[in-house]
Amino acid sequence: MINKKVNNVQEALNGIEDHFTIMLGGFGLCGIPENSINELVKKGSKNLTCISNNAGVDDFGLGLLLQQKQIKKMISSYVGENAEFERQMLSGELDVELIPQGTLAERCRAAQAGIPAFFTPAGYGTEVAEGKEAREFNGKMHVMEHAFKADFAIVKAWKGDTAGNLIFKGTARNFNPCMCGAAKITVAEVEELVEAGTLDPNQVHIPGILVNRIFQGEHYEKRIEQRTTRKKN
């Protein structure tokens, strides 16, 4: 059995260069690859194009890369929690492509499945559709969207094995699964790494064939983006 395990995050991200396009899993601050993002900051890679549902917050997640001006383009669907993102976008320092959330997920999944393009009704008649081919299906107009082309996909899972099989937990099973195998190299960081054959095959969400490198992360903060609590009676 092929062993996908690497010793640390440095080995996992080996080969990332300036101007690369990188997919990063997560929804808000849930299920983001914290160790890998921190390592990207340390590596100092510049002019990155990042594909992610959102851009983190000012002092956490992808917000750390934005602080260091390492991202030249963000491809996202929601960016409302990051003031630095807003500042860079409005000042013209950051190129931004906003995409309907379902379309973002499907462009990842299409890349994963080897499908070059697909048609969706989402965004037709809006700025999202400008310059794109449109066709009518069953009396409704659809816009053609292309699958993403990325150099690296970096995901976070709850548990994985040395063969690269992954299990996600709760809401962290968001954009992570559809990004696996959707780039030239997929890196998975996990909270718990076990030997191959340990996981129940019926519980595996992503098979190891879609993962190239896997390592065990550490010191996860798992911050809550918007903490909501009930008043005491």
Side-chain angles (χ1 to χ4, degrees), residues 9-10 12-13 15-101 103-105 107-108 111 148-157 168 171-180 182-183 185-191 213 215 217-227:
V9 65
Q10 289 80 21
L13 301 190
I16 291 182
E17 300 176 2
D18 294 354
H19 303 284
F20 267 27
T21 297
I22 303 175
M23 292 178 168
L24 296 115
F27 188 95
L29 300 181
C30 179
I32 64 172
E34 295 180 29
N35 287 243
S36 297
I37 292 173
N38 291 335
E39 179 59 23
L40 285 173
V41 174
K42 293 177 183 177
K43 282 173 67 70
S45 304
K46 300 289 186 182
N47 297 310
L48 300 173
T49 295
C50 291
I51 301 168
S52 181
N53 179 65
N54 62 290
V57 294
D58 288 304
D59 62 344
F60 195 64
L62 291 182
L64 298 174
L65 289 169
L66 287 169
Q67 281 184 354
Q68 301 301 317
K69 308 290 182 66
Q70 292 175 254
I71 301 176
K72 73 168 183 179
K73 182 176 182 178
M74 274 299 309
I75 301 175
S76 303
S77 62
Y78 177 71
V79 294
E81 301 296 334
N82 195 316
E84 177 61 16
F85 179 102
E86 179 184 14
R87 189 198 66 75
Q88 290 188 25
M89 180 178 70
L90 294 177
S91 68
E93 299 173 41
L94 181 68
D95 188 9
V96 177
E97 182 179 350
L98 294 176
I99 303 177
Q101 196 165 78
T103 302
L104 179 70
R107 288 179 69 180
C108 294
F148 287 126
K149 294 180 180 179
D151 299 291
F152 272 72
I154 305 175
V155 303
K156 157 70 173 13
F168 301 92
T171 311
R173 191 179 176 186
N174 41 52
F175 284 85
N176 284 299
C178 63
M179 288 184 175
C180 293
I185 295 176
T186 296
V187 173
E189 63 172 73
V190 298
E191 295 182 40
R213 305 171 188 173
F215 72 97
E218 55 186 12
H219 307 308
Y220 286 105
E221 293 187 42
K222 297 185 181 180
R223 292 196 196 178
I224 297 173
E225 191 170 2
Q226 293 285 353
R227 184 181 297 275

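Atoms considered below: every heavy atom in the structure, side chains included; atoms not considered: hydrogens, waters and symmetry mates. For clarity, every value in this text was computed on a predicted model and none was experimentally measured. Here, residue 1 is the first one in the sequence, and each next residue gets the next number.
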Nearest 0.5 Å please: distance from the CZ atom of Arg213 over to the CD atom of Glu189.
14.0 Å

Where do Lys73 and Glu97 come nearest, in terms of heavy atoms and distance?
NZ-OE1, 3.4 Å

Do you know which two heavy atoms are closest between Glu84 and Asn82, and how far apart they sit?
N-OD1, 3.1 Å

Quick check: do Val187 and Phe215 have side-chain heavy atoms less than 4.5 Å from each other?
yes

Are a donor atom and an acceptor atom from the side chains of Glu218 and Asn35 found within less than 3.5 Å of each other?
no

More than 12 foreign heavy atoms under 6.0 Å from CD of Glu191: is that the case here?
yes

Shortest non-hydrogen contact from Cys180 toward Val155:
SG-CG2, 3.9 Å

Should Glu34 and Glu221 count as side-chain neighbours, where that means a heavy-atom distance under 4.5 Å?
yes

Look only at the side chain of Gln67 and the backbone of Asp58, and say whether a donor-acceptor pair between them is shorter than 3.5 Å.
yes

When rounded to the nearest 0.5 angstrom, what is the spacing between CE in Met74 and OG1 in Thr49?
9.5 Å

Nearest heavy-atom approach of Ala111 to Ala182 is CB-O, 3.6 Å

Are the side chain of Gln88 and the backbone of Leu66 linked by a donor-acceptor contact shorter than 3.5 Å?
yes

Side chains of Phe85 and Val96: does their closest heavy-atom pair fall under 4.5 Å?
yes

Tell me the closest heavy-atom pair linking Phe148 and Cys108, and the distance in Å.
CD1-N, 3.7 Å

Any chance you could measure Ile71, atom CD1, to Leu65, atom CG, to the nearest 0.5 Å?
4.5 Å

With heavy-atom distances below 4.5 Å as the criterion, would you say the side chains of Phe168 and Asn174 are in contact?
no

Kindly compute the distance separating CD (Gln68) from OG (Ser45), expressed to the nearest 0.5 Å.
12.0 Å

Is Gln70 close to Val41 at the side-chain level, that is, under 4.5 Å between some pair of heavy atoms?
yes

Name the atoms and distances for all side-chain donor-acceptor pairs under 3.5 Å in residues 17-29, with sequence neighbours left out.
from: Asp18; atom 1: OD1; to: Lys46; atom 2: N; distance (Å): 2.9

State whether the number of non-hydrogen atoms from other residues, nucleotides or ligands found under 6.0 Å of Arg173 atom CZ is greater than 12.
no

Going from CD1 on Ile99 to CZ on Arg107, what distance comes out if it is rounded to the nearest 0.5 angstrom?
4.5 Å

What's the verdict on side-chain contact (heavy atoms from CB on, under 4.5 Å) for Ile37 and Ile154, showing C-alpha distance, side-chain angles and the deciding distance?
CA-CA 9 Å; Ile37 292 173; Ile154 305 175; over 6 Å; no

Calculate, to the nearest 0.5 Å, the distance between atoms CD1 and CZ belonging to Ile32 and Phe175 respectively.
14.0 Å

Which atoms form the tightest heavy-atom contact between Met179 and Ser52, and what is the distance?
CE-CA, 4.4 Å

Is Glu93 salt-bridged to Arg87, cutoff N-O under 4.0 Å?
yes

Decide yes or no for Asn54 and Leu62: does some side-chain heavy atom of the first lie under 4.5 Å from some side-chain heavy atom of the second?
no

